[in-house]
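Read through the structure below, which is laid out as C-alpha cells, and then see the notes.
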Protein chains: 2
Amino acid sequence: MVANTFRARVRAGMIEEIKSVARRHLATDGANLSLRAVARDLGMVSSAIYRYFPSRDDLLTALILEAYEALGDAVEAADAAADPADLRGRWHAVCRAARSWALAHPAEYALLYGSPVPGYAAPDTTVEPAQRPPVTLVGILRDGLAAGQLTPPPADELPEPVRADLAEIAAAYFPGLPEALLARGMAGWTQLFGLISFELFGRINRALPHRDEYFDHQTGLMADLIGLPH
Amino acid sequence: MVANTFRARVRAGMIEEIKSVARRHLATDGANLSLRAVARDLGMVSSAIYRYFPSRDDLLTALILEAYEALGDAVEAADAAADPADLRGRWHAVCRAARSWALAHPAEYALLYGSPVPGYAAPDTTVEPAQRPPVTLVGILRDGLAAGQLTPPPADELPEPVRADLAEIAAAYFPGLPEALLARGMAGWTQLFGLISFELFGRINRALPHRDEYFDHQTGLMADLIGLPH
DNA sequence: CAACCGTCAAGAGCGGTGCTCTCGGTTTTG
DNA sequence: CAAAACCGAGAGCACCGCTCTTGACGGTTG
C-alpha cells in the first residue's frame with residue numbers, strides 16, 4: 001500500500017474535485033443535487049462517479065461531514081479568539097460565528113439542520129462532529145462555573161426524570177456541570193438554532209430589517225436566562 | 001354557473017381525494033412526493049392529476065395551506081380551552097398543542113418549518129395562516145399585560161433599531177404591547193420551534209428519553225424569561 | 001330532442017433522474 | 001512481462017414532472 005501513492009493521490013484529488021463541484025451545485029439545487037449534473041460539469045459520464053462514491057447518499061454524507069467540520073471549526077475558533085474570562089463575550093462570539101457560517105453557507109446549513117432528506121439516513125459517523133458546536137457553546141458555562149462567575153440555578157427546579165437524563169449528558173461532556181445549568185445551556189443552543197433557521201428559512205425577515213441587532217439581542221436574552229454576567 | 005353544481009361537487013371531491021392520498025404519501029416520501037405515485041393510488045394516469053392541480057407545486061401549496069390551518073386550529077383551540085387568567089397554563093397549553101400536532105404530523109411540520117424545497121417558492125397566500133401560531137402564543141403576553149399580571153421589562157434594554165422594528169410588528173398584531181415584551185415573546189416562539197424541530201429532525205432524542213418532561217421544562221424556562229407568574 | 005361544448009381520463013412522448021452492468025483501455029503490481 | 005487492479009464510456013432499466021393530443025362522456029342550450 002506504500003507504492004501506489006500516485007494512483008491514490010490522483011484518486012483523492014478526483015474525490016475532492018467531485019465534492020467541490022457538488023458543493024457548488026448544493027447552493028442552487030439544495031439537497032436534491034444531481035449526480036449527472038455533477039458529472040457533466042466534470043466532463044465525465046454519470047456512471048464514472050460511482051467509482052468514487054458508491055451512491056448519491058454517500059456523496060451527501062461526505063458533504064455533511066465536511067460541513068459539520070467547517071461549522072465546528074468556525075465556532076471553536078471564535079471561542080478561542082475571545083477573552084476566556086469574558087463569558088458573555090464568548091457567548092456572543094460563538095453565536096455570531098455560527099450565524100455567520102450559516103449565512104455564508106445556507107445550503108450546507110440546510111443540509112445539517114433542515115428537514116431530513118426523505119430516503120436518507122445519516123450514518124453514525126456524523127453524530128460526533130455534530131456535537132462540537134453545542135459542546136462549545138455549553139462549554140462556556142462550564143468555564144464560567146469553574147471561574148466562579150456563574151451561580152447554578154436551584155437544582156430542585158428540574159423534574160427528576162429530566163435531571164437524570166441531563167446528568168448522563170453532563171457526565172459524558174461536561175463533568176461537574178449542574179444539571180439545571182446544562183438545561184439552560186441547551187435552551188441557549190436551541191434558541192441559536194431557531195434564530196438561524198428562522199432567518200434562513202422563514203419569511204420573518206421582512207419585518208425585521210435589522211437582523212444583526214435582533215440576533216444579538218435575542219442571544220443576549222438567553223445569556224440573561226443563563227445568568228452570564230454583563 | 002348555478003346549474004353546474006353537480007360537476008363542481010364531484011370535482012371538489014376529486015380534489016379532496018387527491019389531497020388525501022398526497023398527504024398519505026407525504027408521510028413516507030417527504031417533500032418529494034410523486035404525482036405519478038399519487039395517480040397510481042387513485043387508479044388514474046398521472047396526466048389526469050393536472051386537470052385538478054396545474055403543477056406539483058400547486059398541490060404542495062394546497063397541502064401547506066391545509067397544514068397551516070390545522071396547526072393554527074390546534075394551537076388556538078388549546079389556548080381557548082385553557083383558563084384565560086392562567087397565563088402560564090395557557091403558555092404550556094399552546095406549546096404542547098404545537099408539539100403534539102407536529103409529532104402527529106411530522107411530514108406536514110417538515111413541510112412548514114423544514115428547509116425549503118429547492119425549486120419551490122411559497123406563494124403569498126401562505127403568509128397569513130403561517131402567523132397564526134406565533135400570534136396566538138404572543139397574544140398570551142398581551143392578555144397578561146392587560147390583566148396586570150405581567151410587568152414589561154425595561155424598555156432601554158432594546159437597541160433602538162430593534163425597538164423600531166418590533167414596534168411595527170406590535171402595531172400590526174399586538175397594539176400596545178411593549179417592544180421588550182414582544183421580543184421575549186418572539187424568543188419563546190423561536191424556542192418552541194427549535195425544540196420541536198430538534199425532536200423531529202435531530203438525533204438528540206436518544207440522550208433524552210423523557211421528552212415530554214424536558215419539553216415542559218424548556219418551555220417553562222422561556223415562561224420564566226418572559227415573567228409569566230407561577 | 002338533438003346538437004354542442006366543456007370536462008375528463010388515457011396514452012405517447014420529452015428530457016431528466018439514480019443506479020447497474022458490460023466493455024475496452026490504462027496503470028500499477030508481482 | 002504478464003496478471004491484477006483501476007478507470008471511463010456507453011447502453012439500459014425504472015422512475016420522475018410535465019406537455020400534447022385523442023376520444024368519450026354528459027350537462028346545457030337552441
Side-chain angles (χ1 to χ4, degrees), chain A residues 1-19 21-22 24-26 28-64 111 116-123, chain B residues 1-19 21-22 24-26 28-64 111 116-123:
Chain A
M1 287 296 170
V2 180
N4 63 354
T5 50
F6 175 73
R7 253 234 151 76
R9 268 246 280 275
V10 63
R11 180 178 174 86
M14 196 70 204
I15 288 181
E16 279 311 309
E17 206 163 353
I18 292 176
K19 284 198 287 190
V21 175
R24 217 164 53 224
H25 274 80
L26 210 63
T28 65
D29 301 342
N32 49 8
L33 87 164
S34 142
L35 275 190
R36 293 180 118 106
V38 172
R40 259 197 304 274
D41 275 20
L42 290 168
M44 306 198 311
V45 139
S46 69
S47 58
I49 302 278
Y50 288 83
R51 299 280 177 200
Y52 302 93
F53 293 94
S55 81
R56 200 194 73 119
D57 283 3
D58 291 84
L59 175 55
L60 268 184
T61 299
L63 295 178
I64 288 177
L111 210 56
V117 185
Y120 176 79
Chain B
M1 287 297 169
V2 181
N4 63 353
T5 50
F6 172 74
R7 266 230 144 83
R9 269 244 280 274
V10 63
R11 179 179 175 83
M14 198 66 203
I15 287 181
E16 279 310 311
E17 205 164 351
I18 292 176
K19 284 199 286 189
V21 175
R24 217 164 53 223
H25 274 79
L26 212 61
T28 64
D29 301 344
N32 49 10
L33 85 163
S34 144
L35 276 191
R36 293 178 117 106
V38 172
R40 259 197 305 273
D41 275 19
L42 288 168
M44 306 199 309
V45 134
S46 69
S47 56
I49 303 276
Y50 288 84
R51 295 279 173 198
Y52 303 93
F53 292 95
S55 79
R56 198 195 73 121
D57 282 2
D58 291 84
L59 175 56
L60 267 184
T61 299
L63 296 178
I64 289 176
L111 210 56
V117 185
Y120 176 80

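Chain letters run A, B, ... following the sequence lines, proteins first and then strands; every chain starts at 1. Source: prediction; values computed, not measured.
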*From A:I49 atom CD1 to A:I18 atom CD1, the distance as rounded to the nearest 0.5 Å*: 4.0 Å
*Do A:S55 and A:D58 have side-chain N/O donor and acceptor atoms under 3.5 Å apart?*
yes
*Length of the OH-P vector between A:Y50 and C:dT17, whole Å*: 11 Å
*Which listed nucleotide (D:dT19, C:dG13, D:dG8) is nearest to the side chain of B:R36?*
C:dG13
_Less than 4.0 angstrom between a side-chain N/O of B:R51 and OP1 or OP2 of D:dC20, yes or no?_
no
*Considering only heavy atoms and no angle criterion, is a donor-acceptor pair shorter than 3.5 Å present between the side chain of B:S47 and the base of C:dG11?*
yes
*Report yes if at least one side-chain N or O of A:R11 is closer than 4.0 Å to OP1 or OP2 of D:dC7; otherwise report no.*
yes
*Specify the separation, in whole Å, of atom CG of B:L33 and atom P of D:dC18.*
11 Å
*Nearest to the side chain of B:A37, which nucleotide is it out of D:dC16, C:dG18, C:dC8?*
D:dC16
*Expressed in angstrom and rounded to an integer, what is the separation of A:F53 atom CZ from D:dC7 atom P?*
13 Å
_With a 4.5 Å cut-off on side-chain heavy atoms, are B:V10 and B:M14 touching?_
no
*Nucleotide C:dC8, atom C1' - distance to CD1 of B:I18 in whole Å*: 12 Å
*Measuring from A:F53:CZ to A:L59:CG, what's the distance to the nearest 0.5 Å?*
5.0 Å
*B:Y52 has a side chain; which of D:dA9, D:dG8, C:dA9 sits nearest to it?*
C:dA9
_Using whole Å, what does the distance between atom P of nucleotide D:dT19 and atom CZ of B:R56 come to?_
13 Å
*For A:S55, report the nucleic acid contact type (base, sugar-phosphate, nothing); a contact means any heavy atom under 4.0 Å.*
sugar-phosphate
Would you be so kind as to tabulate the donor-acceptor pairs closer than 3.5 Å made by side chains of residues 28-47 of chain A, with sequence neighbours excluded?
{"from": "A:T28", "atom 1": "OG1", "to": "A:H25", "atom 2": "O", "distance (Å)": "3.2"}
{"from": "A:S34", "atom 1": "OG", "to": "A:R36", "atom 2": "N", "distance (Å)": "3.2"}
{"from": "A:S34", "atom 1": "OG", "to": "A:A37", "atom 2": "N", "distance (Å)": "2.8"}

*Between A:S46 and A:I49, who's closer to the 5' end of DNA chain D by nearest nucleotide?*
A:I49
*A:M44 has an atom CE; how far is it from atom P of D:dG10, in whole Å?*
13 Å
*Integer-rounded Å distance: D:dA14 P and B:R40 CZ*: 13 Å
*Taking atom P of D:dC15 as reference, at what distance in whole Å does atom CG of B:L35 sit?*
16 Å
*If you check every side-chain atom of A:M14, which of C:dT17, D:dG8, C:dC19 has the closest atom?*
D:dG8
